[in-house]
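Keep in mind it's a predicted model, so treat the numbers as computed, not measured. As a basis for the values below, the full set of heavy atoms in this structure was taken, side chains included, without hydrogen atoms, waters or symmetry mates. Proteins come first, then strands; the chains are lettered A, B, ... in the order of their sequence lines, and each starts at number 1.
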Amino acid sequence: MQPVVASEPDGSVRVRGLRVKDAERRVGATALAGVVRAAESDAAAMPRWTWSDTNRWYPLLLAAGVRIERAHDLRLAHRILRHSVPGATLSSEQWDTMPPAALTNGALGAAGHEPATLFGAPGPIEEAVEPDPLAELDAQRAAVAGSCEAARLRLLLAAESAGALVAVEMYHAGVPWRAEIHEDILTEALGPRPRAGERPARLEDLAGRIRAALDAPAGLNLDSPRDLLRAMDHAGVGARSLRKWELERLDHPVIEPLLEYKSLFRLMTANGWAWLDAWVRDGRLRSEYVVGGVVTGRWASRGGGALQLPKSVRRAVVADPGWMFVVADAAQIEPRVLAGMAGDEAMAAAGRGADGRGADLYEGIVASGAVATRELAKVGMLGAMYGGTTGSSGQVLPRLARAFPRSLAFVDEAARAGERGEVVTTHLGRSSPPPGASWHETQSGAYQDGAGEAEAARARSSARSWGRFTRNFVVQGTAAEWAMCWMASIRRRLWALGQVPDAIDGQVPEPFAARPHLVLFLHDEVVIHTPSALAEVVADEVRAAADEAGRLLFGDFPVKFPLSVSVAGSYAQVK
DNA sequence: ATCCCGAGCGCG
DNA sequence: AAAGCGCGCTCGGGAT
């Protein structure tokens with residue numbers, strides 16, 4: 001059954017489609033959790049909860065101790081169907097004018113983007129008048145049914161909605177984070193925590209060495225790129241910018257302390273004491289995931305930067321006593337999904353290995369005789385998928401094109417389509433945005449009267465640039481689809497493993513208190529927090545989920561998705 | 001005082 | 001060793 005949940009202007013909740021078709025119930029907002037819990041525990045029901053926005057509804061259920069198995073997120077589905085080319089494109093003025101409160105992802109944290117410490121505990125979510133979810137669902141069903149790729153779109157919408165559940169659950173659970181270890185890392189690197197407005201001791205030392213090497217006055221502000229560059233110019237360093245890779249090539253006494261300073265400055269500003277104060281509470285990092293936050297369908301993060309955790313602080317990610325992490329990393333997803341999309345038997349074989357269960361794809365390319373070294377195979381494939389043309393990447397492309405013509409032709413065709421201003425689509429049906437008005441103006445500018453070589457060059461450049469975007473879109477977007485299917489499968493398998501925790505008198509049951517659950521996701525890698533006794537079983541399930549995701553996307557096509565899986569007490573111990 | 005943008009770094 | 005995709009985040013500095 002597919003119950004549809006909607007809020008009413010009086011603050012009550014209307015649930016339609018429970019048990020008998022068209023039957024509806026009205027409950028108070030607090031009673032909703034009980035209704036959902038009852039339906040979830042009915043084995044025959046298999047409800048797919050359908051609502052405007054998972055971020056709006058699911059946190060309330062989790063807070064009441066209710067975890068659900070399936071959902072349909074109308075907001076996310078609408079955004080996919082609105083532009084999908086294989087989907088009979090959805091048009092809905094009503095949904096497009098939905099109030100921002102219901103359309104944005106800001107419902108999770110205490111106050112949108114604000115650190116939780118500023119305003120204390122999460123408050124009530126603002127009520128917003130929604131358009132009728134049932135009408136929207138009907139429109140979406142019709143759009144999918146009328147599509148030439150209905151099965152793939154259904155899978156995409158299911159995976160995106162499952163992803164929305166995972167994202168809210170990961171926020172709910174938080175990442176186990178030992179603040180005292182993080183502080184040790186900072187003190188070792190920077191010195192003791194400075195008072196407000198002061199620089200840590202290590203940075204102060206380095207600043208002194210830098211000024212001495214430049215023969216600069218004590219007033220030189222190192223954090224002002226313009227002033228620093230001017231001082232370096234005066235000292236004859238010969239730097240054109242302050243980019244790390246450019247500085248590394250120069251030979252001057254200032255380079256070593258300057259690179260050290262930049263690295264430590266970054267640690268302090270991006271993941272220093274302020275970050276710790278803002279995003280870590282009660283032993284958990286809470287960073288919000290934005291499902292579909294990237295045009296390609298990848299996730300983004302907001303607040304805390306869970307997708308950008310630098311390796312230097314991962315030592316602070318430590319499992320609870322009696323618990324472990326299972327960390328799984330999918331090897332070379334992008335060339336593998338490319339092989340699947342392109343139907344490239346040779347590329348699939350390169351990633352299968354001797355036992356047929358999956359092995360390093362770049363080594364497989366070397367073994368095929370196409371290129372001489374793993375490094376060349378890697379930069380060559382990255383160049384093919386990103387549109388690189390220069391250096392060793394460009395040099396091996398012809399050899400890769402001979403050995404793997406289907407894969408290389410597939411990304412080239414996506415690039416040419418982008419250069420023509422056309423839309424491209426992922427394996428499951430997410431379409432790229434069309435280029436904007438200024439792009440078209442640049443293109444037509446090359447043919448206007450009086451247009452010279454400069455206009456033509458600019459048009460070529462922007463066409464190629466958009467081609468690199470569409471070339472990468474099909475690969476990155478399909479990799480994101482594989483990853484969402486993987487996580488949806490992991491999520492379902494982990495729940496099936498766990499035992500229902502005993503309810504403690506007077507306390508809300510915590511759904512993940514005794515069960516393995518996802519806590520981190522980084523595009524091609526997952527971290528699961530699990531009771532230690534279940535770690536090996538969890539590792540097996542994660543591998544099985546990767547196989548399942550491969551079958552969901554590519555059926556019997558023999559492309560493999562091997563993982564490297566570790567069991568560890570700390571995230572930093574992996575690999 | 002506030003918003004916006006480019007530079008830069010680190011993540012995949 | 002480094003130029004080609006996608007992000008978040010912080011800073012300085014200019015515009016408002």
Side-chain angles (χ1 to χ4, degrees), chain A residues 105 113 115 221-230 239-249 258-272 274-275 278-279 287-314 329-335 338 373 375-376 378-397 411 414-415 418 424 426 430 432-433 461 464-480 482-483 520-527 571:
Chain A
N105 270 291
H113 314 179
N221 180 11
L222 298 186
D223 305 331
S224 166
R226 216 164 42 111
D227 295 355
L228 178 56
L229 213 45
R230 195 174 298 155
R240 287 171 35 255
S241 76
L242 294 173
R243 291 185 192 93
K244 190 171 79 169
W245 63 268
E246 203 170 303
L247 294 178
E248 278 165 351
R249 302 194 320 211
L258 180 56
L259 288 173
E260 175 87 357
Y261 179 90
K262 282 163 66 78
S263 162
L264 293 178
F265 182 75
R266 171 152 184 93
L267 172 64
M268 185 182 71
T269 54
N271 294 98
W275 181 92
W279 305 113
S287 176
E288 196 175 334
Y289 288 100
V290 186
V291 175
V294 180
V295 278
T296 57
R298 268 190 173 184
W299 291 14
S301 64
R302 183 163 52 207
L307 289 167
Q308 285 98 6
L309 288 180
K311 296 212 159 64
S312 56
V313 300
R314 294 185 182 181
D329 188 307
Q332 306 108 28
I333 309 189
E334 293 190 344
L338 174 57
T373 67
E375 205 48 32
L376 279 177
K378 182 177 174 177
V379 298
M381 282 309 297
L382 289 178
M385 295 183 296
Y386 291 163
T389 54
T390 59
S392 48
S393 167
Q395 280 172 21
V396 297
L397 279 177
V411 283
V424 297
T426 62
R430 191 189 307 263
S432 65
S461 167
R464 289 206 183 111
S465 174
W466 197 257
R468 286 194 299 275
F469 166 63
T470 53
R471 170 193 290 270
N472 188 247
F473 182 95
V474 294
V475 178
Q476 188 184 112
T478 303
W482 179 88
L520 258 183
F521 167 61
L522 299 90
H523 305 303
D524 60 356
E525 179 178 350
V526 295
V527 179
Y571 190 23

Review point. If you pin A:Arg249 and A:Thr269 to their nearest nucleotides in DNA chain C, which one's is more 5'?
Key: A:Arg249

When you measure from the side chain of [X] to the backbone N and O of [Y], does any donor-acceptor pair fall under 3.5 Å?
X: A:Arg471; Y: A:Ala384; result: yes
X: A:Tyr289; Y: A:Phe521; result: yes
X: A:Asp227; Y: A:Asn221; result: no
X: A:Lys378; Y: A:Thr373; result: no
X: A:Thr426; Y: A:Thr478; result: no
X: A:Thr470; Y: A:Trp466; result: yes

Review point. Paired with C:dA3: which nucleotide, if any, by Watson-Crick or G-U wobble criteria at under 3.5 Å for both distances?
Key: none

Measure from the side chain of [X], starting at C-beta and using heavy atoms only, and say which of [options] lies closest.
X: A:Phe469; options: C:dA1, C:dG12, C:dG6; value: C:dG6
X: A:Thr390; options: C:dG13, C:dA3, C:dA1; value: C:dA3
X: A:Arg468; options: C:dC11, C:dG13, C:dG4; value: C:dG4
X: A:Arg266; options: B:dC9, C:dG6, B:dG12; value: B:dC9
X: A:Val379; options: B:dC11, C:dT10, C:dA1; value: C:dA1
X: A:Val295; options: C:dG6, B:dC11, B:dG8; value: C:dG6
X: A:Phe265; options: B:dG8, C:dG14, C:dC11; value: C:dC11
X: A:Asp223; options: B:dG12, C:dC7, C:dG12; value: C:dG12
X: A:Gln308; options: C:dA3, C:dG4, B:dC11; value: B:dC11
X: A:Lys262; options: C:dA2, C:dC5, B:dC9; value: B:dC9

How would you label the contact of [X] with the nucleic acid (heavy atoms, under 4.0 Å): base, sugar-phosphate, or nothing?
X: A:Gly467; value: nothing
X: A:Ser241; value: sugar-phosphate
X: A:Leu382; value: nothing
X: A:Arg243; value: sugar-phosphate

Exercise for review: Would you state whether a donor and an acceptor, one from the side chain of A:Arg226 and one from the base of C:dG13, lie under 3.5 Å apart?
Suggested key: no

**Study point:** Donor/acceptor link under 3.5 angstrom from A:Glu248 side chain onto base of C:dA1
**Key:** no

Whole Å only: how far is the [atom1] atom of [X] from the [atom2] atom of [N]?
X: A:Asp524; N: C:dG6; atom1: CG; atom2: P; result: 18 Å
X: A:Asn472; N: C:dG4; atom1: CG; atom2: C1'; result: 9 Å
X: A:Leu229; N: B:dG8; atom1: CG; atom2: C1'; result: 13 Å
X: A:Trp245; N: C:dA3; atom1: CH2; atom2: P; result: 5 Å
X: A:Lys311; N: B:dC11; atom1: NZ; atom2: C1'; result: 8 Å
X: A:Leu242; N: C:dT10; atom1: CG; atom2: C1'; result: 15 Å
X: A:Leu264; N: B:dG10; atom1: CG; atom2: P; result: 11 Å
X: A:Leu267; N: C:dT10; atom1: CG; atom2: C1'; result: 13 Å

Review point. C:dA2 phosphate, OP1 or OP2: any side-chain N/O from A:Lys244 under 4.0 angstrom?
Key: no

Check your understanding: Looking at A:Thr389, does any N or O in its side chain come under 4.0 Å of the phosphate oxygens OP1/OP2 on C:dG4?
Key -> no

Review point. Residues in salt bridge (charged side-chain N to carboxylate O under 4.0 Å, His left out) with A:Arg226, at least two apart?
Key: none

